[in-house]
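Here is the structure we will look at.
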Amino acid sequence: MMLVTVLIFCFATLIILPPSPTTCTASSSSSPSVSALFAFGDSTVDTGMNNGLSMPLYKCNHPPYGKDLPGQVPTGRYSNGKIGVDFMASNLGLKEDLLPSYLDPKLTDHDLLTGVSFASGGCGLDELTLQLTQVYSMEDQLEYFDEAVERIKTSVGEKNGSEIVENALFVVGVGTNDLILNVYDFPLTQRKSQFTSIDQYSDFLLQKLGSFIQALYSRGARRFMVVGFPPIGCLPLQQTLGGIINLRRRVCITQQNIDCQTYNSKLQALLSSLQTTLLPSSRLLYYDIYNPMIDMFNNPDKYGFVQVSEGCCGTGLVELGLLCSRFSRTCPDASKYMFWDTVHPTEVAFSVVVGYNQKTVLQFLN
C-alpha cells in the first residue's frame, strides 16, 4: 500500500524542459519585438496555477520548493528556483524577474499585458489524465486566456489588446503526463485496451495538440513554441520504477526513449503541416529538448553536474510534489544536480536549457 501511495504522489507532475552548456543571456537590444509570453500546459511551465487547488498532491507551494528564490519563498514552481519561462520572459525584456501565474492573487492588469502562465502541473491532453489528476485542463486554460484577453482589452482598448495577442509568444508544453499515467506506469488502463500501440496513442495526443494550437490561432495567436518530449525513460522517477519492476540497477528505459523520439518526429511534421496548410501567417517552432537532455545524461561533467539520475530533494528516488516536503533533506548544492525532484530540473538546469535554445528562438521570432 505504501508503494502505491508513493507512486500516486509521484505522478503529480512531469517536466518537459532540457539543458545545454550555455547559460541564458540575452541583451534587450538583441531581443525581437515580442509583446507578451503566454504559457500553457503542465508543470513544465506552471508558475503557480495549482496553488489554490484543494488536492495537495499536485501543488508545490511549500518548502523546500523555492529554496533558492529570493526569501526562499515557495511560489508553486516545480523547482528550487526559477523555471524556463521565467528566464524566457526576462531575456525577451518582458519581465524583470518572474513570469506570474494567471491566478496569482497579486497579479495586476499591468502585469497581464506582458504575459502570464496558465499552465497547471499534472495536466495532459487526454481527458483520462485529468480524471486522475483533477487539475486545470487545457480547455480550462483556454477559458482563463479568454478571460485574460478581455481584461487586456478593457485595460488598453480593443485594437491594442488584439495587437498584444498577435505579437505574443505562445509556449505550449504538455503530453508527458499522458504517457506516464496512461501507458507506462500502470499495468491496466483504458487507453492500453483502446490502442494497440503507443504509436497509435501518440497520434491521438497529437490530434488533440493540433486542435489546441488551432484554438489559440482562432483567438489571434500567431507565434507558437511547442515543446517536444524529453527522454522520459531517463527521468529519475522512471529509473526508480524500472529498477523495481525489472529488479536491476537504475538505468534509462530504452523503449520509452524511443517512443519519445518517434513522437517528436511526428510533432515536427504536424507543426510544419499546420503552418503551411491550415494556419496562414503563423510561426510554429519545435522546441527540441530530447537531444540536449540526452547529452546532459551522457556528459554530466560538461554541465558541472555531479548527479543526473537522482533528484536533490530527499532520497532523490521518489520525491516530488507532496513527498518533497519541508521535512525532506536536500542536497548541499542544487546547482550540482540536474534534477530538483525526481522529474523537474533545478534552476541551473532550466537556465542552461533556455541558454541552449536562445539563439534558435530569437532567430525564429525575428
Side-chain angles (χ1 to χ4, degrees), residues 8-19 38-53 55-62 64-66 69 74-88 98-104 116-126 129-130 132-138 140-141 144 171-182 184-185 205 209 226-232 235-238 260 287 289 293 311-313 318-324 338-347 349-350 353-354:
I8 291 175
F9 283 165
C10 287
F11 291 143
T13 50
L14 291 168
I15 107 176
I16 305 183
L17 278 172
F38 298 112
F40 301 81
D42 57 22
S43 56
T44 306
V45 289
D46 182 0
T47 61
M49 278 288 285
N50 285 3
N51 290 355
L53 292 176
M55 287 285 290
L57 298 183
Y58 305 97
K59 302 198 296 187
C60 60
N61 57 336
H62 57 264
Y65 287 96
L69 285 173
T75 60
R77 287 165 171 78
Y78 293 81
S79 186
N80 62 306
K82 296 180 182 179
I83 64 173
V85 288
D86 295 317
F87 290 112
M88 291 179 197
L98 303 176
L99 181 74
S101 159
Y102 180 65
L103 294 184
D104 185 339
V116 292
S117 174
F118 301 94
S120 177
C123 180
L125 294 162
D126 190 338
T129 301
L130 276 300
L132 177 62
T133 61
Q134 294 294 302
V135 297
Y136 297 112
S137 67
M138 299 301 283
D140 293 332
Q141 295 175 37
Y144 279 125
V171 180
V172 182
V174 66
T176 306
N177 289 319
D178 296 310
L179 280 182
I180 291 288
L181 296 176
N182 294 300
Y184 292 146
D185 292 347
L205 295 179
L209 178 59
V226 185
V227 185
F229 279 173
I232 292 177
L235 298 179
L237 176 60
Q238 295 306 99
C260 293
Y287 199 75
I289 65 172
M293 286 194 73
C312 174
C313 184
V318 296
E319 291 87 354
L320 78 156
L322 190 61
L323 286 183
C324 179
M338 179 179 173
F339 289 98
W340 169 247
D341 57 23
T342 53
V343 290
H344 301 103
T346 56
E347 177 181 300
F350 270 121
V353 169
V354 176

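For reference, positions follow the sequence shown, starting with 1.
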Side chains of [X] and [Y], heavy atoms from C-beta outward: is any pair under 4.5 Å?
{"X": "K82", "Y": "F87", "value": "yes"}
{"X": "Y78", "Y": "D46", "value": "yes"}
{"X": "T75", "Y": "L69", "value": "yes"}
{"X": "W340", "Y": "E347", "value": "no"}
{"X": "L323", "Y": "T342", "value": "no"}
{"X": "V135", "Y": "L53", "value": "yes"}
{"X": "L103", "Y": "Y136", "value": "yes"}
{"X": "Y65", "Y": "L320", "value": "yes"}

*Apply side chain to side chain contact (heavy atoms under 4.5 Å, CB included) to the pair F229 and L179, showing each step before the final yes or no.*
CA-CA 10 Å; F229 279 173; L179 280 182; 3.4 Å; yes
Between the side chain of [X] and the main-chain N/O of [Y], is any donor-acceptor distance below 3.5 Å?
{"X": "T133", "Y": "C123", "answer": "no"}
{"X": "D86", "Y": "L99", "answer": "yes"}
{"X": "D178", "Y": "L125", "answer": "yes"}
{"X": "S43", "Y": "G121", "answer": "no"}
{"X": "D104", "Y": "S101", "answer": "no"}
{"X": "D341", "Y": "G311", "answer": "no"}

Can you confirm whether the side chains of [X] and [Y] place a donor and an acceptor under 3.5 Å from each other?
{"X": "N50", "Y": "S120", "value": "yes"}
{"X": "D140", "Y": "S137", "value": "yes"}
{"X": "N80", "Y": "T346", "value": "no"}

List the atom of [X], the atom of [Y], and the distance in Å for their closest heavy-atom pair.
{"X": "G321", "Y": "H62", "result": "O-NE2, 3.1 Å"}
{"X": "P230", "Y": "C260", "result": "O-SG, 3.2 Å"}
{"X": "G84", "Y": "F350", "result": "N-CD2, 3.3 Å"}
{"X": "V174", "Y": "L209", "result": "CG1-CD1, 4.3 Å"}
{"X": "D42", "Y": "T176", "result": "OD2-N, 4.3 Å"}
{"X": "M338", "Y": "A349", "result": "O-CB, 3.4 Å"}

Mind checking the [atom1]-[atom2] spacing from [X] to [Y]? Nearest 0.5 Å is all I need.
{"X": "N182", "Y": "D126", "atom1": "CG", "atom2": "CG", "result": "4.5 Å"}
{"X": "F38", "Y": "S117", "atom1": "CZ", "atom2": "OG", "result": "11.0 Å"}
{"X": "D185", "Y": "I180", "atom1": "CG", "atom2": "CD1", "result": "4.5 Å"}
{"X": "Q134", "Y": "T129", "atom1": "CD", "atom2": "OG1", "result": "11.5 Å"}

*With V85, the side chain to side chain contact (heavy atoms under 4.5 Å, CB included) member among V354, V116, V45*: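 Exactly one candidate clears the test, V45.
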*asked:* State whether cysteine residues C60 and C324 meet the disulfide criterion of an SG-SG distance below 2.5 Å.
replied: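 Disulfide absent: SG-SG distance not under 2.5 Å.
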_L130 and M138: CA distance, side-chain angles, deciding distance, side chain to side chain contact (heavy atoms under 4.5 Å, CB included) verdict_ = CA-CA 10 Å; L130 276 300; M138 299 301 283; over 6 Å; no
*Mind checking whether F118 and Y102 have parallel, tilted or perpendicular rings, split at 30° and 60°?*
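Geometry flag for Y102 against F118: tilted rings.
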_L98 vs T47, side chain to side chain contact (heavy atoms under 4.5 Å, CB included): CA-CA, chis, key distance, verdict_ = CA-CA 9 Å; L98 303 176; T47 61; over 6 Å; no
